[in-house]
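Worksheet: the structure to be examined is printed underneath.
Because the structure is a prediction, the values reported are computed rather than measured. A note on names: the letters A, B, ... follow the listed sequences, proteins ahead of strands, and every chain is numbered from 1.
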Protein chains: 2
Amino acid sequence: MENVKDCLSKLKAKGFKLTPQRLAVIEHLEGNSSHPSASDLFEEVKKKYPMISFATVYNTLRILGEVQEIKQLTIGSDKVNFDPNTEQHDHFFCRECGKIMDVFRKDNPEVKEINGHCVHECQIYFYGICSECLKASQKEE
Amino acid sequence: MENVKDCLSKLKAKGFKLTPQRLAVIEHLEGNSSHPSASDLFEEVKKKYPMISFATVYNTLRILGEVQEIKQLTIGSDKVNFDPNTEQHDHFFCRECGKIMDVFRKDNPEVKEINGHCVHECQIYFYGICSECLKASQKEE
DNA sequence: GTACTTGCAAACAGTTTGCATAGGC
DNA sequence: GCCTATGCAAACTGTTTGCAAGTAC
């Protein structure tokens with residue numbers, strides 16, 4: 001997702017209606033690098049839109065995925081997280097605090113084909129302990 | 001998981017008991033490259049052990065993960081899949097048929113540290129359409 | 001005015017948990 | 001015999017669905 005404006009016109013062009021609820025979800029996603037889950041977004045949006053429902057959040061996330069304005073991450077194994085940054089980049093998951101961090105590397109494989117299979121997308125997930133949690137555990141000792 | 005024998009002695013050494021149910025799950029995992037889910041394993045094991053319960057399958061999978069005899073894959077986004085091959089390799093997910101395939105590549109990053117975070121594990125997931133589904137769709141046209 | 005969208009609640013799937021019983025060691 | 005593992009069912013979590021009422025266009 002480049003910016004809210006482009007995203008809205010993309011949705012409009014595809015025939016989707018621009019409801020205030022959708023706008024609120026999109027605004028919470030723009031430039032958001034915290035990789036929120038559906039419930040994170042629901043809680044956030046609810047502050048401004050107390051009557052918004054889960055179904056609407058999921059519906060909006062689904063169509064944003066369809067028009068490729070966001071990507072799904074399954075790094076956390078329990079819930080799906082969403083990333084409005086659709087540029088190719090990797091992710092790090094801290095097994096201590098559960099945070100997901102962006103990782104930008106140069107040697108990303110630009111693979112279009114592998115073993116005869118056609119590749120659309122590649123997700124690289126790193127798992128470990130983040131720098132903050134490392135520091136915290138060193139202090140404890 | 002190298003072989004059933006080593007796996008069993010590893011469990012024994014860690015103080016886990018070797019029940020027939022666990023053995024059945026382990027035998028179904030050895031050399032299994034189909035990346036089964038918990039319910040796949042449950043159904044398979046049930047053929048020999050009609051009285052086995054889901055809880056036991058999950059329990060066994062949990063301890064096998066603890067002793068690092070299997071790895072969890074979250075490539076499918078809905079359920080977790082298990083891989084008894086713990087050697088570093090990647091995976092391909094076919095969005096058409098849902099199959100998960102092993103991908104062995106040479107240029108895997110051997111990353112131990114990234115942006116100050118300590119890396120324990122790396123999972124690389126490719127998404128697309130597998131060679132078989134590509135063939136099938138070409139025939140249709 | 002017409003369709004798509006919303007909100008609600010119920011349904012659903014995968015996984016986890018509590019507890020009495022069974023069984024490995 | 002002790003202590004862990006099992007089986008069952010119920011609980012739990014994240015997500016999806018059905019439907020009447022609401023609203024963007």
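Put simply, CZ on B:F82 is 11 Å from C1' on C:dG14, counting in whole angstrom units. Note: CZ (A:F42) to P (D:dG14) measures 13 Å, nearest angstrom. The CZ-P distance, from A:R22 to C:dG7, rounds to 11 Å in whole Å. Regarding A:M51, its CE atom lies at a distance of 19 Å from the P atom of C:dT5, rounded to whole Å. As a whole-Å value, the separation of B:R62 CZ from C:dT17 P is 8 Å. Between the P atom of C:dA13 and the OH atom of B:Y58 lies a distance of 13 Å, rounded to the nearest Å. A straight line from CG of A:D78 to P of C:dG14 spans 16 Å, rounded to a whole angstrom. Per the geometry, CG belonging to A:L8 stands 14 Å off P belonging to D:dA24, to the nearest Å.
Within 4.0 Å of A:P50, counting heavy atoms only, lies no atom of the nucleic acid at all.
Side-chain atoms of B:P20 lie closest to C:dG24 of the nucleotides D:dA24, C:dG7, C:dG24. Listed candidates were D:dT15, C:dG23, C:dC8. Nearest to the side chain of B:K17 is C:dG23. Closest to the side chain of B:T56, from the set D:dA5, C:dT15, D:dG7, is D:dG7. The B:A55 side chain lies nearest to D:dC8 when the options are D:dA24, D:dT6, D:dC8. Residue B:L18 places its side chain closer to C:dC25 than to any other of D:dG7, D:dT6, C:dC25. Across D:dT6, C:dT5, C:dT16, the shortest atom-to-atom separation from the side chain of A:N59 is found for C:dT5.
The main-chain N or O of A:A55 is never found under 3.5 Å from a side-chain atom of A:N59 such that the two would form a donor-acceptor pair. Side chain of A:T56 to main chain of A:I52: no donor-acceptor pair is present (N/O by atom type, distance under 3.5 Å, no hydrogens or angles).
Each of A:F54 and B:S37 was matched to the nucleotide of DNA chain C holding its nearest heavy atom; the match closer to the 5' end belongs to A:F54. When each of B:Q21 and A:T19 is assigned the nucleotide of DNA chain D with its nearest heavy atom, B:Q21 is the one assigned upstream, toward the 5' end.
When the shell of 6.0 Å around CD of A:E2 is examined, it contains 12 or fewer heavy atoms from other residues, nucleotides or ligands. More than 12 heavy atoms of other residues, nucleotides or ligands sit less than 6.0 Å from atom CD of B:E30.
Residues A:D6 and A:S9 have side chains that never bring a donor and an acceptor to within less than 3.5 angstrom of each other.
Scanning atom types as modelled, no donor and acceptor separated by under 3.5 angstrom connect the side chain of B:K79 and the base of C:dA13.
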